Protein chains: 2
Amino acid sequence: MSETDASGPEDARLVALPLYKRAEEAMRARIADGRWPPGARLPNEPRLAEEFGVSHGTLRKALAALEAQGLVERRPGRGTRVARTTDEAAVYAFLRLWDTGGERVIPEPLSEALAEDTATPAEVEELALAEPRVWRLTRCRGHAGRAVSLERMVLPVARFPELGAHRPLPNSLYPFYESAFRQSVVAARDDLTAEPADAEAAAALSVAEGAPLLCAARVARNLSGEPVELRRSLYLTAGIAYRVDLSK
Amino acid sequence: MSETDASGPEDARLVALPLYKRAEEAMRARIADGRWPPGARLPNEPRLAEEFGVSHGTLRKALAALEAQGLVERRPGRGTRVARTTDEAAVYAFLRLWDTGGERVIPEPLSEALAEDTATPAEVEELALAEPRVWRLTRCRGHAGRAVSLERMVLPVARFPELGAHRPLPNSLYPFYESAFRQSVVAARDDLTAEPADAEAAAALSVAEGAPLLCAARVARNLSGEPVELRRSLYLTAGIAYRVDLSK
DNA sequence: GAGTGGTCTAGACCACAAA
DNA sequence: TTGTGGTCTAGACCACTCG
């Protein structure tokens, strides 16, 4: 049985791709556009193989790639489901804080402020905005009795309508983006620098102005690679570090 | 043909592992212990499959895992080789600096100092040293006409004998570790913090004492997971950032 | 017991690289 | 031309989950 997104040689863009790659991209597209929403169960392997016109082994190679990227979850005897950002592993993927004792750190919310505003030209560029209205969310979070981070988020109003109706916002924003606005964050880039504390950060984190803070400037993206959120986090790295594991 | 490291069910520790995993671990062991040194060419797939007593497809699944981890390189028509740390991709894996223009930054050496010393108790612990003699290597590197990093490395003398005979050391240390001392770095963990510049860093980087610097505290490990190098890099993040790509 | 994903095989054919 | 890795198939059997 032929499928529009697993089309044959008539599609010039896909004709050079191996079958397993075509099946992978077809399934990725279904997840990205919502035909297979987070949590949805996929047809079983024989069905998918028949649908895409490939063998069992080829279809499994495509599914293995999606699983490796954290897009689907497979369990023997249970089936294959579209992964949710809610899952613990996905939350930790974007929260890289560890304390000196070797334990993960999850800061708790201390305060938040939300306002609607017009994006700066740089923000319009970075968020690829067609319409310059954005939310500005500022959040202070703490750990072990003291404030450790000041985060300033920029969110397109077009992607997050009525964000103000959901306050106070939950501690974990990405699962909330997914469940409330169908905006799944699956990738992010952090540019890390050391910055002197400005007046607002100094007050929020109880340090002197000019004290060294770790700054993480983030662009968070969805499955289609579209920017969804800008975030500038300032961390007071006393007893806490931003951990990065590197490998060949 | 049977192999000691691809043994049959008589090996209780491995009996539960699937065949592709056993083949993968057997090959990983050969790379780790030097039977297959960096750059060495592996037997072709049919030979390996016969040697491990598995089918073509199963053997390929094991090789694919090693390739994904950057341990081997495979090229159609050419064969499979053990990857070298020298390869460009491997060097960049541990150098995460980008400038604001979106270009990679590779700092050039400005000065270096090397001394033999006794490791602190913390260093003995982190490097799992049986013998406390270490090299202390301090290096200052620059980019675009100004000093941008001050790096302090700690290397076990037992792993790096006669390190002093190789001065001046090359800019890329990890390929040098591999070629000169058979010490391949395949993984590292950076703990990032913001620190005020001490007197030495302030002088080396031409900033005021107390100025914010990005500090990367690294433990670099070989294929067996053994710590090979401790490194504390201080970066002047003016026009430069430490970039991290995160994904589910 | 029915249905799911996980493993493994044996063989075919292809594209690529080097002698 | 020879040998390499890359793709794909058809079918088998297993382990797990759940009703």
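Residue numbers begin at 1 in each chain, while the letters A, B, ... track the order of the sequences. The model shown is predicted, which means the values in this text are computed figures rather than measured ones.
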Colleague: Rounding to a whole Å, what distance do you find between B:E73:CD and D:dT4:C1'?
Modeller: 16 Å
Colleague: From CG of A:L48 over to C1' of D:dT9, roughly how many Å is that when rounded to an integer?
Modeller: 17 Å
Colleague: Looking at the side chain of A:S55, which of C:dC8, C:dT4, D:dC8 is the nearest nucleotide?
Modeller: D:dC8
Colleague: Report the residue (A:L19 or B:N44) whose heavy-atom-nearest nucleotide on DNA chain D is the more 5′ of the two.
Modeller: B:N44
Colleague: How close or far is atom P of D:dA10 from atom CD of A:E50, stated in whole angstroms?
Modeller: 12 Å
Colleague: Taking the basic N atoms (NZ, or NE/NH1/NH2) and the acidic carboxylate oxygens, is any pair closer than 4.0 Å for A:E25 and A:R28?
Modeller: yes
Colleague: Say whether B:D190 and B:Y242, considering side chains only, have a donor N or O and an acceptor N or O under 3.5 Å apart.
Modeller: yes
Colleague: Answer yes or no: does a side-chain N or O of A:T80 lie under 4.0 Å from OP1 or OP2 of C:dT4?
Modeller: no
Colleague: Once you round it to whole Å, what is the distance between P of C:dG6 and CG of A:L63?
Modeller: 9 Å
Colleague: Phosphate oxygens OP1/OP2 of C:dG6: is one of them under 4.0 Å from a side-chain N or O of A:R74?
Modeller: yes
Colleague: Taking OP1 and OP2 of D:dT7, is either one under 4.0 Å from a side-chain nitrogen or oxygen of A:T58?
Modeller: no
Colleague: Any idea which heavy atoms bring A:A62 and A:M27 closest together, and the distance?
Modeller: CB-CE, 3.7 Å
Colleague: Counting the atoms with a prime plus P, OP1 and OP2 as sugar-phosphate, which does B:R81 contact under 4.0 Å by heavy atoms, base, sugar-phosphate, or nothing?
Modeller: nothing
Colleague: Between A:F181 and A:R159, is there a cation-pi geometry (under 6.0 Å to ring centre, at most 45° from the normal)?
Modeller: no
Colleague: Using a cutoff of under 3.5 Å, can you pull out all pairs of nitrogen or oxygen atoms linking the protein to nucleotides 15-19 of chain C, with atom names and distances?
Modeller:
unit_1	atom_1	unit_2	atom_2	d
C:dA18	OP1	B:R78	NE	3.2

Colleague: Counting only heavy atoms not in A:E162, do more than 12 sit closer than 6.0 Å to its CD atom?
Modeller: no
Colleague: Could you check how far CZ of B:F52 sits from P of C:dT9, rounded to whole Å?
Modeller: 13 Å
Colleague: How close or far is atom P of C:dG6 from atom CG of A:L59, stated in whole angstroms?
Modeller: 12 Å
Colleague: Check the distance between C:dT7's P and A:E67's CD and give it to me in whole angstrom.
Modeller: 10 Å
Colleague: 5'-most contact on DNA chain D: B:R60 or A:H56, nearest heavy atom basis?
Modeller: B:R60
Colleague: Under a 4.0 Å N-O cut-off, is there an ion pair linking A:K21 with A:E24?
Modeller: yes
Colleague: Any ion pair linking A:E178 and A:R182 (charged N to carboxylate O, less than 4.0 Å)?
Modeller: no
Colleague: So, does A:K61 get its side chain near the phosphate of D:dT7, meaning an N or O under 4.0 Å from OP1 or OP2?
Modeller: yes
Colleague: Examine C:dC8: is either OP1 or OP2 under 4.0 Å from a nitrogen or oxygen in the side chain of B:Y20? Give yes or no.
Modeller: no
Colleague: Checking all strands, does A:R47 fall into the base, sugar-phosphate, or nothing category for heavy-atom contacts under 4.0 angstrom?
Modeller: nothing
Colleague: Output yes when B:E229 and B:R218 qualify as a salt bridge under the 4.0 Å nitrogen-oxygen rule, no when they do not.
Modeller: no
Colleague: Would you mind reading off the distance between B:K21 atom NZ and C:dC8 atom P, rounded to a whole angstrom?
Modeller: 12 Å
